[in-house]
Amino acid sequence: MVNFIIASHGEFAAGIHMSGGMIFGEQENVEVVTFMPSEGPDDLKRKYQEALAKFGEDEQVLFLVDLWGGSPFNQASPFVAENPDQMALIAGLNLPMLVEAYGARFTMDKAADIAHYLVSVARDGVRTIPETEEPETTATAKKSSMAGLKEGQLKINLVRIDSRLLHGQVATAWTPESKANRIIVVSDVVAKDELRKGLIEQAAPNGINANIVPISKMAEVMKDNRMGGVEAFLLFETPEDALRAIEAGVPIKEINVGSMAHSTGKTMLNNVLSVDKTDVETFDKLRELGVSFDVRKVPNDSNVDLFKLIDNKRSEIESK
């Protein structure tokens with residue numbers, strides 16, 4: 001029997017698991033993973049490892065996650081990439097999908113087969129009264145987003161520092177806020193990592209293309225007079241990368257500081273921002289270059305003064 005891992009932001013996975021049991025009956029070989037607001041990517045990865053450890057080796061596993069491009073998706077994808085013959089993933093979890101998945105286990109013994117089968121089930125489970133016309137397909141939407149290149153330079157609509165790069169909040173909240181038609185991850189490290197590149201490209205929201213480029217390439221793109229019509233949302237993993245891009249000639253005047261993960265040697269400024277001495281020195285240099293900062297995790301948050309946060313912890317940061 002194919003094993004299932006149901007995963008979501010918050011308690012949605014636990015709730016839909018309970019609902020599925022009410023409709024189809026209690027199920028074996030099903031683990032629930034919740035990603036809570038106080039947790040980070042490493043916590044989620046650990047939870048997946050613990051869930052997988054409850055299944056036997058070489059068994060089939062299907063991840064059913066809530067949101068394409070969200071953290072549950074991003075942390076599950078490497079497991080699938082490393083075990084393509086045993087594991088599969090499907091995003092957009094809804095109750096019709098879960099109930100049908102339980103039934104599919106009686107006739108299908110491959111996780112990938114169940115995942116492919118569930119796509120149409122999940123779509124058919126979404127209906128309206130009155131009925132609506134079918135939306136534009138993803139392929140058509142992406143094709144249209146690539147059209148319209150003309151003479152002129154690329155326009156930067158939004159720049160964000162986020163250690164998770166392209167994830168659920170970025171895809172569903174910041175991309176519409178930016179009104180961009182192209183997401184560009186600017187990173188020398190990620191540009192060399194084929195696995196991460198593939199996951200980021202997959203996580204792009206419908207109708208938006210995601211590109212991953214080295215910092216030097218981004219500087220070249222800004223000088224290219226064939227990029228008219230491209231309105232870009234730039235994502236940087238670290239403030240150091242953003243500084244290097246500016247020094248290379250990328251014209252950045254404001255940066256949204258969204259998320260900087262905690263690690264050894266870093267000090268937490270708030271529940272989503274952690275910095276070390278190098279980060280603080282970099283922010284000081286960026287300020288000297290005339291860059292302003294918009295400190296918000298999601299668009300509805302109120303902007304916070306970055307340097308007030310730093311000054312409140314500066315002595316602690318300097319002592320490490």
Side-chain angles (χ1 to χ4, degrees), residues 4-13 16 31-52 61-84 86-93 97 111-112 115 119 122 138 142 160-176 178 183-187 189-206 208-213 233-238 241 256 258-263 271-274 297-298:
F4 291 163
I5 295 179
I6 305 171
S8 72
H9 295 80
E11 297 285 358
F12 171 69
I16 199 170
E31 293 296 319
V32 172
V33 170
T34 57
F35 181 50
M36 305 308 291
S38 61
E39 296 175 328
D42 289 341
D43 298 304
L44 187 52
K45 181 179 180 181
R46 174 182 51 77
K47 287 184 177 183
Y48 278 143
Q49 290 170 333
E50 291 172 353
L52 289 167
V61 179
L62 176 60
F63 292 87
L64 300 105
V65 306
D66 57 352
L67 182 67
W68 186 276
S71 293
F73 170 92
N74 291 337
Q75 291 302 313
S77 294
F79 290 105
V80 178
E82 292 167 5
N83 302 277
Q86 297 171 235
M87 299 184 185
L89 180 152
I90 184 167
L93 175 62
M97 177 199 295
V119 171
T138 300
K142 289 207 170 188
R160 178 177 171 91
I161 294 172
D162 193 320
S163 57
R164 291 186 286 171
L165 294 173
L166 182 50
H167 58 97
Q169 289 170 347
V170 170
T172 62
W174 284 107
T175 300
S178 73
I183 296 171
I184 304 178
V185 172
V186 187
S187 169
V189 173
V190 180
K192 297 176 183 177
D193 188 329
E194 292 302 320
L195 176 59
R196 291 186 72 187
K197 283 175 63 176
L199 295 176
I200 288 170
E201 289 168 352
Q202 289 178 349
N206 288 348
I208 305 291
N209 284 84
N211 303 113
I212 302 89
V213 300
F233 175 9
L234 304 189
L235 282 170
F236 292 94
E237 195 170 20
T238 66
D241 280 351
N256 165 237
S259 175
M260 296 175 62
H262 186 265
S263 60
N271 62 343
V272 295
L273 298 180
S274 297
K297 180 180 178 181
V298 294

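The shown structure was predicted, so the numbers you read here are calculated from the model rather than taken from an experiment. Numbers for residues simply follow the sequence, beginning at 1.
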* What pairs with Pro176 under side chain to side chain contact (heavy atoms under 4.5 Å, CB included), at least two apart in sequence or on another chain? -> none

* **side chain to side chain contact (heavy atoms under 4.5 Å, CB included) against Glu39, all qualifying residues, sequence neighbours excluded** => Phe35, Met36, Asp43, Lys47

Closest heavy-atom contact between [X] and [Y]?
{"X": "Ala261", "Y": "Ser274", "answer": "O-CB, 3.8 Å"}
{"X": "Ala210", "Y": "Ala204", "answer": "CB-CB, 3.8 Å"}
{"X": "Phe79", "Y": "Asn83", "answer": "O-ND2, 2.9 Å"}
{"X": "Val33", "Y": "Ala51", "answer": "CG2-CB, 4.2 Å"}

Would you check if [X] and [Y] make a side-chain contact, meaning some heavy-atom pair closer than 4.5 Å?
{"X": "Pro205", "Y": "Ile183", "result": "yes"}
{"X": "Pro72", "Y": "Tyr48", "result": "yes"}
{"X": "Ser263", "Y": "Asp42", "result": "no"}
{"X": "Pro41", "Y": "Asn74", "result": "no"}
{"X": "Val185", "Y": "Arg196", "result": "no"}

[atom1]-[atom2] distance between [X] and [Y], expressed to the nearest 0.5 angstrom:
{"X": "Ile6", "Y": "Met97", "atom1": "CD1", "atom2": "CE", "answer": "11.0 Å"}
{"X": "Ser259", "Y": "Asn271", "atom1": "OG", "atom2": "CG", "answer": "9.5 Å"}
{"X": "Glu237", "Y": "Met260", "atom1": "CD", "atom2": "CE", "answer": "10.5 Å"}
{"X": "Leu64", "Y": "Leu89", "atom1": "CG", "atom2": "CG", "answer": "8.0 Å"}
{"X": "Leu235", "Y": "Leu166", "atom1": "CG", "atom2": "CG", "answer": "6.5 Å"}
{"X": "Leu199", "Y": "Leu165", "atom1": "CG", "atom2": "CG", "answer": "11.5 Å"}

* After noting the C-alpha distance and the side-chain angles of Phe63 and Leu93, does the key distance pass the side chain to side chain contact (heavy atoms under 4.5 Å, CB included) rule? -> CA-CA 10 Å; Phe63 292 87; Leu93 175 62; over 6 Å; no

Partners meeting side chain to side chain donor-acceptor pair (under 3.5 Å) with [X] (sequence neighbours left out):
{"X": "Arg160", "value": "Asp162, Asn256"}
{"X": "Ser8", "value": "none"}
{"X": "Gln169", "value": "none"}
{"X": "Asp241", "value": "none"}

* Donor-acceptor pair, side chain of Ser178 and main chain of Phe233, under 3.5 angstrom -> no

* Could you walk me through whether Lys197 and Glu201 pass the salt bridge (charged side-chain N to carboxylate O under 4.0 Å, His left out) check? -> CA-CA 6 Å; Lys197 283 175 63 176; Glu201 289 168 352; 5.6 Å; no

